[in-house]
2 protein chains.
Amino acid sequence: MSETVSDMGEFGLINRIHGLIEKEGVLARGIKIGIGDDSASFQPPKGYELLVTCDSMVEGRHYLPKYISPLALGRRAMVSNLSDIGAMGGTPLYALVSLGLKESALVTDVEALYRGFLAELRSFGASIIGGNLTKSEDNTFIDITLIGKVKEGKCLRRSTAKPGDVIMVTGFPGQASAGLQCLLHGESTVDPEKHPLVKAYLEPSHRAREGKAIAESGFATAMIDTSDGFLGDLGHICEKSSVGASIVAEKLPVSEDLRQAALEAGRTPYDLVLQDSDDYELIITCSSSHVDQIRHFLTTISDVAVTEVGRITEPASGINLILPNDTKRDITNAGWDHFRRREGKNV
Amino acid sequence: MSETVSDMGEFGLINRIHGLIEKEGVLARGIKIGIGDDSASFQPPKGYELLVTCDSMVEGRHYLPKYISPLALGRRAMVSNLSDIGAMGGTPLYALVSLGLKESALVTDVEALYRGFLAELRSFGASIIGGNLTKSEDNTFIDITLIGKVKEGKCLRRSTAKPGDVIMVTGFPGQASAGLQCLLHGESTVDPEKHPLVKAYLEPSHRAREGKAIAESGFATAMIDTSDGFLGDLGHICEKSSVGASIVAEKLPVSEDLRQAALEAGRTPYDLVLQDSDDYELIITCSSSHVDQIRHFLTTISDVAVTEVGRITEPASGINLILPNDTKRDITNAGWDHFRRREGKNV
């Protein structure tokens with residue numbers, strides 16, 4: 001009934017997972033050798049560059065098992081990688097999943113985790129072609145490498161924003177992180193899973209399709225996802241592009257739910273949008289004359305909101321937030337850092 | 001003097017590592033975007049399939065910091081991946097390194113780890129093009145994804161051995177594991193690092209170049225590396241090829257050092273060769289008429305020993321060890337399993 005990975009053994013578990021992937025995954029194009037040999041092998045598609053990214057989730061650091069099911073965790077872990085491929089303008093192809101599992105982990109939970117991975121890959125015709133399973137004494141970890149493709153010359157970088165460019169953002173960053181706070185600190189009388197912010201955490205969106213459309217439009221100058229928080233990732237654009245940025249607080253997309261959550265947490269809604277890092281939205285920069293074209297390209301594939309929030313500036317200006325009273329706040333170094341905890345970040 | 005990753009912060013550490021890779025790594029061919037964006041990007045080489053593998057090392061499970069320096073650990077972690085690419089007949093191209101680090105980890109130790117990775121990649125003209133750094137509360141983990149290339153149609157699998165094939169093995173499997181046992185249980189009066197078995201553990205070999213030469217010769221029927229131990233990996237060949245195997249105990253390559261270590265540990269030398277899993281040698285199968293050709297191809301690039309140790313048999317036979325007194329021992333299920341501990345395996 002509740003068989004553990006230790007009961008089943010490494011090779012039994014590998015066979016079980018292999019069977020699940022064959023049955024429930026899609027047969028991605030180009031694979032010559034999938035799971036089950038020293039390496040996987042594939043035929044690279046012609047006319048494309050290959051993209052490759054990896055991202056980890058560590059128990060106790062990036063998630064708490066009490067608050068997220070294995071299925072939702074699998075989806076979230078894969079979404080973080082899909083988002084990275086999309087932020088370059090690419091399409092996901094193949095994933096490798098490396099897990100560190102406790103001996104006591106339930107086989108059914110490991111299967112649910114893989115179902116989460118596959119659920120996110122399936123709609124791209126992408127699949128899992130390899131990976132690694134190992135025992136980890138204290139913390140479970142999930143490390144995913146995702147390979148994608150992007151049409152030659154269509155890759156969008158973070159290092160190519162120009163002073164004068166408009167800064168846009170998709171969706172409503174900060175929602176997922178606020179949802180996590182609801183789970184951690186919310187009143188137990190409310191069913192947290194029905195809360196829209198909690199849903200944003202447990203079923204995170206990514207903008208991989210939107211990213212590809214924006215890159216192929218040729219109208220954006222730079223792009224990045226918000227996995228380090230809006231401000232952290234805007235900081236990456238500014239550093240790598242050697243530019244500054246000016247963000248207008250009142251233009252930031254704040255949903256009614258987030259406004260309410262900010263009120264309850266005694267924080268300004270801007271902080272929640274700018275600083276927290278559990279959403280996978282896109283920051284896009286482009287010339288002001290191309291904003292409409294980008295919006296047009298997006299509307300053909302997506303109904304995601306796109307909000308103009310500020311401008312790229314000369315590097316000496318740093319990153320500034322223009323407050324409603326027209327004062328400037330220097331927020332150059334206020335982004336999230338994974339090795340330095342800040343208040344309000346519990347996981 | 002002894003700055004920790006927590007002192008330096010995530011982005012500071014990323015910049016430091018990025019600088020180290022640029023300075024001490026090689027500029028691998030085909031890279032369009034290296035470290036520093038949401039994904040790396042490269043131009044796939046024409047006429048090749050791409051190979052991809054990943055392998056993890058977890059502190060306390062795969063290594064103990066007391067017994068291995070960060071530099072040697074970095075080399076060992078990369079070797080395990082180089083070995084997987086070589087076992088398919090490929091050449092390493094690009095690595096992605098994902099680390100889970102404790103807040104207290106020293107920046108200099110993380111740098112030494114990367115120097116270990118780069119030392120192994122350098123001679124292939126291969127480099128690190130991406131990765132991930134995250135905080136891990138209790139155990140450090142290293143997860144490496146390695147991308148390689150193999151000439152179209154030249155990939156060697158584990159699933160294609162045929163009854164009647166000769167089984168060969170490179171080098172002296174079991175040495176590294178015996179070396180680890182020396183470190184763990186050896187007398188402190190002897191300098192363990194001067195012991196050849198300890199050296200085999202701390203500076204493990206791989207046969208990536210040999211694997212490529214064997215694959216390109218076209219004379220081998222199947223190949224695998226011995227990362228799960230000789231018997232574990234022979235078991236993989238048998239399972240995937242639907243064959244059995246017969247191994248002649250007296251033919252197994254046992255070095256004088258290993259014979260001595262077995263005597264001291266009260267184990268038969270065969271057990272050490274067959275069961276332990278810290279070496280990265282190759283098991284090769286081929287028709288008996290091609291043994292000389294494979295030896296010939298190997299001598300042009302390597303002086304590694306290649307030993308004929310048995311034959312592939314019909315599947316119903318299972319895996320048998322022929323003992324010196326001509327009795328057979330069924331060893332079909334005696335391979336190493338990472339989730340099931342055995343006696344004598346301390347890490």
Side-chain angles (χ1 to χ4, degrees), chain A residues 5-6 8-11 13 32-33 36-44 48-56 58 60-62 83-85 87-88 90 94 96 98 100 103 129-139 141 143 145 147-148 150 155 157-159 224-225 240 337-340, chain B residues 5-6 8-11 13 32-33 36-44 48-56 58 60-62 83-85 87-88 90 94 96 98 100 103 129-139 141 143 145 147-148 150 155 157-159 224-225 240 337-340:
Chain A
V5 299
S6 179
M8 180 170 273
E10 182 189 12
F11 301 122
L13 185 62
K32 296 265 190 171
I33 302 173
D37 216 311
D38 289 298
S39 306
S41 167
F42 65 91
Q43 192 70 48
Y48 289 86
E49 295 167 30
L50 289 178
L51 299 169
V52 57
T53 184
C54 70
D55 207 9
S56 306
V58 178
R61 174 68 192 149
H62 298 96
S83 177
D84 281 325
I85 294 291
M88 307 297 288
Y94 313 118
L96 287 92
S98 192
E103 278 185 320
I129 62 168
N132 195 69
L133 292 173
T134 190
K135 197 162 71 174
S136 178
E137 305 294 332
D138 299 302
N139 298 112
F141 68 84
D143 190 38
T145 297
I147 295 170
V150 62
C155 209
R157 306 184 182 203
R158 59 177 68 176
S159 55
I224 196 168
D225 79 351
K240 297 287 178 183
D337 186 307
H338 290 91
F339 284 102
R340 287 176 171 158
Chain B
V5 299
S6 178
M8 180 169 272
E10 182 189 12
F11 301 121
L13 184 62
K32 296 265 192 170
I33 303 173
D37 216 311
D38 290 298
S39 307
S41 168
F42 64 92
Q43 192 71 47
Y48 289 87
E49 296 167 31
L50 289 179
L51 297 169
V52 57
T53 185
C54 71
D55 208 8
S56 306
V58 178
R61 174 68 191 151
H62 299 97
S83 177
D84 281 325
I85 293 292
M88 308 296 289
Y94 313 117
L96 285 92
S98 192
E103 278 184 320
I129 61 168
N132 195 70
L133 292 172
T134 189
K135 197 162 72 174
S136 177
E137 305 293 334
D138 300 302
N139 299 113
F141 68 83
D143 189 40
T145 296
I147 295 171
V150 62
C155 207
R157 306 183 182 204
R158 58 177 68 177
S159 56
I224 196 168
D225 77 352
K240 297 288 179 183
D337 187 309
H338 290 92
F339 284 102
R340 287 178 171 155

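The chains referred to below are lettered A, B, ... by the order of the sequence lines, with proteins before strands, and numbering in each begins at 1. All values below were derived from every heavy atom in this structure, side-chain atoms included, with hydrogens, water molecules and symmetry-related copies excluded.
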Pick from B/Ala87, B/Gly100, B/Pro44: which one has the most heavy-atom pairs with chain A under 4.5 Å?
B/Pro44
Quick one: do B/Arg158 and A/Asp37 make a salt bridge, cutoff under 4.0 Å?
yes
Do B/Asp138 and A/Glu137 have side-chain heavy atoms sitting under 4.5 Å apart?
no
Counting only non-hydrogen atoms closer than 4.5 Å, does B/Cys155 touch chain A with its backbone (N, CA, C, O), its side chain (CB onward), both, or neither?
side chain
Which portion of B/Lys240 sits near chain A, non-hydrogen atoms under 4.5 angstrom
side chain
Go through the side-chain N and O atoms of A/Asp143 and B/Ser98 and say whether any donor and acceptor fall under 3.5 Å apart.
yes
For chain A, which of B/Leu51, B/Leu96, B/Ile85, B/Leu50 has the most heavy-atom pairs under 4.5 Å?
B/Leu50
Quick check on B/Phe42 against chain A: is it the side chain, the backbone, both or neither that has a heavy atom closer than 4.5 Å?
both
Any chance you could measure B/Met88, atom CE, to A/Ser39, atom OG, to the nearest 0.5 Å?
5.5 Å
Top contributor to chain B interface from A/Gly148, A/Cys54, A/Gly131 [non-hydrogen pairs under 4.5 Å]
A/Cys54
Would a distance-only check, ignoring hydrogens and angles, find a side-chain to backbone donor-acceptor pair under 3.5 Å from A/Thr53 to B/Asp38?
yes
Would you sort out whether B/Phe141 and A/Thr134 count as a side-chain contact (heavy atoms from CB on, under 4.5 Å), showing the intermediate values?
CA-CA 10 Å; B/Phe141 68 83; A/Thr134 190; over 6 Å; no
Let's go through A/Arg157 and B/Ile33 carefully: what are the C-alpha distance in whole Å and the side-chain angles of both, what is the deciding distance for side-chain contact (heavy atoms from CB on, under 4.5 Å) to 0.1 Å, and is it a yes or a no?
CA-CA 9 Å; A/Arg157 306 184 182 203; B/Ile33 303 173; 3.3 Å; yes
Nearest 0.5 Å, please: how far is CZ in B/Arg61 from OG in A/Ser136?
10.0 Å
Can you tell me which portion of B/Tyr48 sits under 4.5 Å from chain A's heavy atoms? Options are side chain, backbone, both or neither.
backbone
